[in-house]
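Worksheet: the structure to be examined is printed underneath.
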Amino acid sequence: MPHLFATSDLHVTHEGNAPIVDEVVPRTPDDWLLVAGDVAERAESVVGVLRTLRERFAKVVWVPGNHELWTTQKDECQLRGQARYEHLVERCREIDVLTPEDPYPVWEHQEKPLTIAPLFVLYDYSWRTPASEGLPLLTAVDQAREAGVLCTDEFFLHPDPYPSRQAWCADRVKISTERLEAIPEDHGTILMSHWPLHRHPTEPLYWPEFALWCGTTETEDWHLRFRAEVAVYGHLHIPRSTAADGVRFEEVSLGYPREWRKRARGPIPLRRIF
């Protein structure tokens with residue numbers, strides 16, 4: 001029986017993480033791998049790691065995280081926003097890695113077929129703390145900064161040609177909804193995204209204000225609406241299994257060395273989903 005594995009937030013440019021990619025290996029030749037974003041910040045590093053993983057696994061499915069969408073001075077690829085995303089999609093197609101723009105693959109090894117839906121939906125700053133609820137966005141961001149947290153996306157994740165990240169998110173929600181609605185009704189789903197689709201995984205955040213950059217209320221019912229058997233995500237660097245409305249949520253991130261070195265179990269670069 002093949003296995004379905006998942007990983008995310010490999011952050012291979014951080015010293016100590018690159019060697020761990022050697023541990024992301026299948027158990028059988030037919031195993032599949034879901035990569036839920038934040039492989040690296042540089043386009044060539046992202047493609048290089050995905051190429052290596054594709055050589056090991058029978059199928060690899062990738063969604064972008066915020067780090068893949070950053071445009072930094074050290075990256076030879078200076079594309080921004082949608083153009084950068086489209087560039088990464090084309091590079092993935094060259095190495096036979098599936099993306100949110102490709103036909104959804106189907107996992108046939110459960111009681112019913114499960115369509116794997118790789119989702120790129122971003123966030124829209126709608127996950128607020130009680131203190132920022134109903135306030136202008138700039139006020140909410142200022143409150144987060146005063147609390148000691150400001151996501152680096154504010155400097156490096158450009159929404160071009162959209163006027164804002166919220167507008168880009170709204171378009172991605174629309175695109176994703178249309179594709180999810182087209183999944184056969186007799187299929188269950190495996191929803192994979194970088195940002196969690198439901199807010200409950202953000203509850204343990206050290207800075208609750210960081211939830212601003214973690215998701216959107218527009219996806220909060222997708223695990224029920226689209227018949228999910230499991231929702232796979234990353235971003236938070238809090239690897240664990242939880243549930244919402246009886247649906248399993250799997251946070252599959254490796255995270256930064258400073259984080260996994262503090263854990264008694266050490267780094268966990270790979271999680272078995274089925």
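For reference, positions follow the sequence shown, starting with 1. Below, each value reflects all heavy atoms present in this structure, side chains not excepted, and no hydrogens, waters or symmetry copies.
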Distance-minimising heavy-atom pair for Ala18 and Val12
CB-O, 3.6 Å

Which atoms form the tightest heavy-atom contact between Pro64 and His194, and what is the distance?
O-CB, 3.4 Å

For Trp260 and Leu254: C-alpha separation, side-chain torsions, deciding distance, then whether side-chain contact (heavy atoms from CB on, under 4.5 Å) applies.
CA-CA 7 Å; Trp260 54 255; Leu254 170 63; 3.8 Å; yes

Strictly by modelled atom types, are Asp75 and Trp70 linked by a side-chain donor-acceptor pair under 3.5 Å?
no

Find out if a path of hydrophobic residues (ILVMFWY) with successive side-chain heavy-atom gaps under 4.5 Å connects Ile20 to Ile268.
no

Would you say CD of Glu15 has more than 12 non-hydrogen atoms from neighbouring residues, nucleotides or ligands within 6.0 angstrom?
no

Carefully, step by step, assess His11 and His237 under the rule ring-ring contact (aromatic ring centres under 6.0 Å, His included).
CA-CA 11 Å; His11 294 292; His237 296 193; 5.1 Å; yes

Minimum-distance pair of heavy atoms, taken over all atoms of Arg265 and Pro239
NH2-O, 3.0 Å

List the steps, then state whether side-chain contact (heavy atoms from CB on, under 4.5 Å) holds for Leu119 with Val63.
CA-CA 7 Å; Leu119 304 170; Val63 295; 5.6 Å; no

Salt-bridge present (Glu185, Arg227; N to O < 4.0 Å)
no

Taking NZ, NE, NH1 and NH2 as the nitrogens, is one of them in Glu41 or Lys74 under 4.0 Å from a carboxylate oxygen of the other?
no

If we count only N and O atoms by modelled type, under 3.5 Å, do the side chains of His187 and Thr115 hold a donor and an acceptor together?
yes

In this structure, are over 12 heavy atoms from other groups packed under 6.0 Å from Glu133 atom CD?
yes

Pairing of Arg225 and Glu181 as salt bridge, 4.0 angstrom limit:
yes

Steps toward side chain to side chain donor-acceptor pair (under 3.5 Å) verdict (Thr28, Asp31)
CA-CA 6 Å; Thr28 80; Asp31 291 352; 2.6 Å; yes

Please report the closest heavy-atom contact between Arg248 and Ile273, naming both atoms and the distance.
NH2-O, 3.1 Å

Heavy-atom check, side chain of His87 versus side chain of Cys77, under 4.5 Å
yes

Might you point out which heavy atoms bring Val121 and Ser176 nearest each other, and give the distance in Å?
CG1-OG, 3.5 Å

For Leu53, run the side-chain contact (heavy atoms from CB on, under 4.5 Å) check against Leu33, Val97, Val25 and tell me which one passes.
Leu33

Would you call Glu218 and Lys174 a salt bridge, taking side-chain N to carboxylate O under 4.0 Å as the test?
no

Can the positive tip of Arg179 be found less than 6.0 Å from the middle of the six-membered ring of Phe120, inside 45° of the ring normal?
no

For a quick check under 3.5 Å, do Thr216 and Asp124 share a side-chain donor-acceptor pair by atom type?
yes

Is Arg271 close to Glu250 at the side-chain level, that is, under 4.5 Å between some pair of heavy atoms?
yes

Return the minimal non-hydrogen interatomic distance between Trp213 and His235, and the atom names on each side.
O-NE2, 3.1 Å

Using modelled atom types and a 3.5 Å cut-off, is there a donor and acceptor pairing between side-chain atoms of Asp245 and backbone atoms of Val247?
no

Check the side chains of Asp142 and Thr139 for a donor-acceptor pair under 3.5 angstrom, ignoring hydrogens and angles.
no

